[in-house]
Asks: 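Below you'll find the structure I mean.
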Number of protein chains: 2
Amino acid sequence: MTRTSRSSYHHGGLRQAVLDAALDVIAAEGPGALSLRDLARRAGVSHAAPAHHFKDRTGLLTALATEGYGLLAEALAAAPELRERGVRYVRFAVEHPAHFQVMFQPELLRADDPDLLAAKERASAELRAGVAGLTEVPDARTAGIAAWSLAHGFATLLLTHNVTGALGDRDPEEYFRSLTGLLFTGQLPPEQEGKRE
Amino acid sequence: MTRTSRSSYHHGGLRQAVLDAALDVIAAEGPGALSLRDLARRAGVSHAAPAHHFKDRTGLLTALATEGYGLLAEALAAAPELRERGVRYVRFAVEHPAHFQVMFQPELLRADDPDLLAAKERASAELRAGVAGLTEVPDARTAGIAAWSLAHGFATLLLTHNVTGALGDRDPEEYFRSLTGLLFTGQLPPEQEGKRE
DNA sequence: ACAGAATCTAGTCACTGACTAGATGGTGCT
DNA sequence: AGCACCATCTAGTCAGTGACTAGATTCTGT
């Protein structure tokens, strides 16, 4: 614990402590079970302390989503090509289920928050970059939506326990790789490299 | 209003009235904004009346999800082949966003509710039936997960306003049809109408 | 007609989010 | 060194909520 056992009036890292505790609660019981008072209790501060960092419940969730988009952008940035980007997307959802959940429930968030928008845009740029080099497909934009839909759908079904049966004991990422093999398959002559936009 | 203006002690159709009101609230503000007391107010009954139909909040949401799976099974049953089943899936999400949302948030539901499980199984069977006739693909099970992921992902991104830009003013269903063209591509004989079993 | 079941009312409890005023202590300015 | 500022935190309050209880009213089958 990095708890600074100082005078104990100022907590020191309350903001991050509350965010981290929130992740645990959400991963275990969903965003609906979030209670600012409970989080305050866990951090050992009074019930109104978190309000200074996140104005209200929505503010807390918006901060979480912002953090999530940042992590996603970071995860995607390192990937070399489209399929690997998809795999990273799925991995992100598996490793950060609470972030993922909150990011895609807009009614929980302050949609016009500037930090949120900026982080979202960074992640979005990474997604677009993934299909930029795609030449085997007529319309890159549509192909991007298809790839995103496939990855997002699989990730969502995974987190909601809707594919555990089909998965067996296989690794989700590996399974997803086999799914990507069914997208854009054998459609155009594979050597068509010429771009025409 | 089908309100039977009888003695006004018994509401008559309280169960369905509460379910319908809940759909409005969820579609507008998400499941988190649901309040049994508010629903009771809307129906003009005391704050504890809904508890007799749905034991608690979770019970209400479970009933909604059950209704949703029933509607989905119904919608899918009529579709002739896989691509059309996907389109119906997306259409279901667009036409019943509240149901769709609740169905895929397991932490809101009583997962072991027998009615829910039965309805889910009926919808699941329809999904499986969609890929049963797929012979152009090596592993029908995996192909089914791919198709489901694509449809589910697109539907989710649609409802969370993440593809409105790419969509422009095109009809979502029509756009989704073009996405399906990228899965298992170029291998479906367009006139394959032959049914088996 | 009547008994029992289903449906609804009314009251209560602990808990929550949002809000307020004020205490505390660190920071930078002079 | 002194001092004013300000972010952080405490403490108290309010209306609204879910869950629970006991009891009233109406419907149903016999």
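Letters go in sequence order (proteins before strands), and every chain restarts at 1.
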Asks: For R15(B), enumerate each residue passing the salt bridge (charged side-chain N to carboxylate O under 4.0 Å, His left out) test, keeping only those at least two apart in sequence or located in another chain.
Replies: none
Asks: Return the nearest nucleotide to the side chain of A48(B); candidates are dT10(D), dC8(C), dG11(C).
Replies: dG11(C)
Asks: Set out, line by line, the N/O atom pairs under 3.5 Å between protein and nucleotides 16-18 of chain C.
Replies:
| residue | atom | partner | partner atom | Å |
| --- | --- | --- | --- | --- |
| dT16(C) | OP2 | R41(A) | NH2 | 3.4 |
| dG17(C) | OP1 | L34(A) | O | 3.3 |
| dG17(C) | OP1 | L36(A) | N | 3.1 |
| dG17(C) | OP2 | L36(A) | N | 3.0 |
| dG17(C) | OP2 | R37(A) | N | 3.3 |
| dG17(C) | N7 | R37(A) | NH1 | 2.5 |
| dG17(C) | O6 | R37(A) | NH1 | 3.0 |
| dA18(C) | OP2 | R57(A) | N | 3.0 |
| dA18(C) | N6 | R37(A) | NH1 | 3.4 |

Asks: For F54(B), which residues count as a ring pair (Phe, Tyr, Trp, His ring centres under 6.0 Å) partner, sequence neighbours excluded?
Replies: none
Asks: In whole angstrom, give the distance that lies between atom CZ of R15(A) and atom C1' of dC9(D).
Replies: 16 Å
Asks: Show me the donor-acceptor pairs, under 3.5 Å and distance only, between side chains in residues 63-70 of chain B and residues at least two apart or in other chains.
Replies:
| residue | atom | partner | partner atom | Å |
| --- | --- | --- | --- | --- |
| T66(B) | OG1 | T62(B) | O | 2.8 |
| E67(B) | OE1 | H99(B) | NE2 | 2.8 |
| E67(B) | OE2 | Q16(B) | NE2 | 3.2 |
| Y69(B) | OH | M103(B) | O | 3.3 |

Asks: Strictly under 6.0 Å, is that where the ring centroids of H152(A) and F154(B) end up?
Replies: no
Asks: Restricting to pairs with a member in residues 68-87 of chain A, which pass salt bridge (Lys or Arg N to Asp or Glu O under 4.0 Å), not counting sequence neighbours?
Replies: E84(A)-R88(A), E84(A)-R177(A), R85(A)-E126(A)
Asks: Figure out the NE2/P separation between H52(B) and dT21(D), and round it to whole Å.
Replies: 11 Å
Asks: Scan for salt bridge (Lys or Arg N to Asp or Glu O under 4.0 Å) pairs involving residues 18-34 of chain B, sequence neighbours excluded, and state none if there are none.
Replies: none
Asks: Please give the angle, rounded to 10 degrees, between the axes at the start and the end of the helix from dA1(C)-dT30(D) to dT30(C)-dA1(D), where five pairs define each axis.
Replies: 20°
Asks: When you measure from the side-chain N and O atoms of H53(B) to the phosphate of dA6(C), is any distance below 4.0 Å, counting only OP1 and OP2?
Replies: no
Asks: Under the side-chain hydrogen bond (donor to acceptor under 3.5 Å, both in side chains) definition, can you give me all pairs with a residue in residues 39-52 of chain A, not counting sequence neighbours?
Replies: D38(A)-R42(A)
Asks: Any salt bridge (Lys or Arg N to Asp or Glu O under 4.0 Å) pairs touching residues 106-117 of chain A, not counting sequence neighbours?
Replies: D56(A)-R110(A)
Asks: How many whole angstroms separate atom CZ of F54(A) from atom P of dC9(D)?
Replies: 10 Å
